[in-house]
Q: 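Following this message is one structure expressed as structure tokens.
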Amino acid sequence: MPRSFLRAAAFSGFCTLLGCPPSAPPPEKPAVTVPPRADLVLVSGNVETLDPGTPKASAVAIKEGRIAAVGSDDDIKPWIGDQTRVVELHGKTVLPGLVDSHAHLAALGLRRFGVDLVGTRSLEEVRSRVKKAALAAKKGEWIIGRGWDQNDWESFKKKGLKFPSAKDLDDVSPDHPVMLHRIDGHAIWVNTKAMQFVGVDAHTKAKPGGEIVKGKSGKPSGIFIDNAMEIISDKTPAPSKDELKQAILAAQKECLAAGLVQVHDMGIGHPALTVLRELDQAGELKLRVYAFLDGSTEDLGAMLAAGPLIPTDAKSHLTVRGVKLFIDGALGSRGALLLKPYSDDKKSSGLLVTKPEVLQSRVMQATRAGFQVATHAIGDRGNQIVLDAYQKMLSATSSSGRTASILRPRIEHAQVVAPEDIGRFGKVGIIASMQPTHATSDMPWAESRLGKERLKGAYAWHSLLTANATIAAGSDAPVEDVSPVLGLYAAVTRKNLFGEPEGGWTPKQKMTRAEAVRAYTTGGAWASFRETEAGVIKKGYVADLTVLDKDPMTAPEDDLSGLRPQLTIVGGSIELEVKTATVGTSTTARTH
Ligand SMILES: [Zn+2]
């Protein structure tokens, strides 16, 4: 409302109170209509609104953090005033802000503090990186790393070995304890020094849902899977608060540069929660973070008692209203819980990380405390147990029939689903939170783990979408690269970055381009209860936008992985700006 109008209203009210004489009415002034002006205007773009009413536009006006108008350049012209920043897009594509519905911000940023093993192609490469770190470390210091994947080591696989062992690390780090997280975060590999430090021997037992891999002698080999990981990790130094803060800020920068406006941060503990809250209060959280508390921590009860944190102030970017739970491990380390044994290990059907009755009670506890539940489930039996638990929770919570859309329970990964369970996602209203690049990373070995038949329900995007499920797409970074365009490429092609295999892997399960873009926009909005204000470009919605150099709806398929973010706009504020994107009032590159 214009200030002049408020003043006039106040004056007329004053006059009425004192009783102005009817003979002296205030002189009537002609009504002046001041056209509203935008803070920011994007023009000459290719705007993919995802709003069925107006699917295409060329310009967007943004005012006070929200979309004020969408239309042609001419439609938007009246919004341009003296103070309006105008960005000329030269045909670049504007999408609703891209969302990563499953990532781990702290872990993504913490890679910089440890030995980064992502992308190592051989055991030798890992050994040389560990050796380098050990030589540089202070006396007694732990060497902590992340990102190894034995499935990528050709010569190792040829020998028919399942996992590396402590011995592989002993000679490169004889004096420092070493702990290396597998790429999926579901197994750790240590040296003998670390086992001695912790006091692990042949008598050490893993908790249910965990496995200590044993060598021929019956002694621990140096690999600890799922619930057995804490035997080691509980004894290693946790990152300091400052390291955590630096890690989260570094991860934020990486996400904004990748074109993301929001990340669903999965399974945070109290230390990360404290840092996120402080960053948000200080106005340093530029990325929207939709956080899920770690449902396996001891202080969960206290964190739940505080209730969800849902921002009311537009400046706040932190929401905490979810709890992350686990039912099983990962496929790469054979921890995913299957209905029938692994095709390449008939003695194993995977690991049940949480007993079904414990899962059920945690699901109920979180729901009663007002939190959304998101449970990690990879194997077909894991998925079945979680679907059962959610259905029980939904029928116990209400009989209104709308419960699922109120509570929006999610399954994280939903990676291998039995054919009879696929329909349950859509029918019951359970969100499938899936990571397209997991399919293309796992495709070289997924069939040997699962066999041909079971593969039909693996990474089954098309089947789930056909059965009316909502897919919210993400990266699971740092397990995979955080870039959403790599996810779009994987979703649409089911090929690796070398364009293999020709035609895509199990191509029936590809997403269309529109489905893939929706999984990264409207899917993420629905999964975080924001569909009435985010996910499409529409008047009144928050101004969360991603500008790419080319249109993912029409760019050649092989170009999708190379699409470059040009602008990342969160709540109307430009948080990433690539110089070449603008020939407007500013050409400064800026990232936070
Ligand atoms: Zn994850």
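Only this structure's heavy atoms are used, side chains among them; waters, hydrogens and symmetry mates stay out. When a ligand or atom number is given, it counts from 1 through the structure's own listing order.
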Q: Using a strict threshold of under 4.0 Å (side-chain N to carboxylate O), is an ion pair present between D116 and R129?
A: no
Q: Output yes if H376 passes the N/O/S-under-2.8 Å test against the Zn ion (ligand 1); output no otherwise.
A: no
Q: Please find the N/O/S atom of D476 nearest to the Zn ion (ligand 1) and write down its name.
A: OD1
Q: Is NZ or CZ of R321 both nearer than 6.0 Å to the six-membered ring centre of Y290 and within 45° of the ring axis?
A: no
Q: Is R408 positioned over the aromatic face of W526, cation under 6.0 angstrom from the ring centre and no more than 45 degrees off axis?
A: yes
Q: Does the ring of W461 carry R494 above it, NZ/CZ under 6.0 angstrom from centre and within 45° of its axis?
A: yes
Q: Is any N, O or S atom of H102 under 2.8 Å away from the Zn ion (ligand 1)?
A: yes
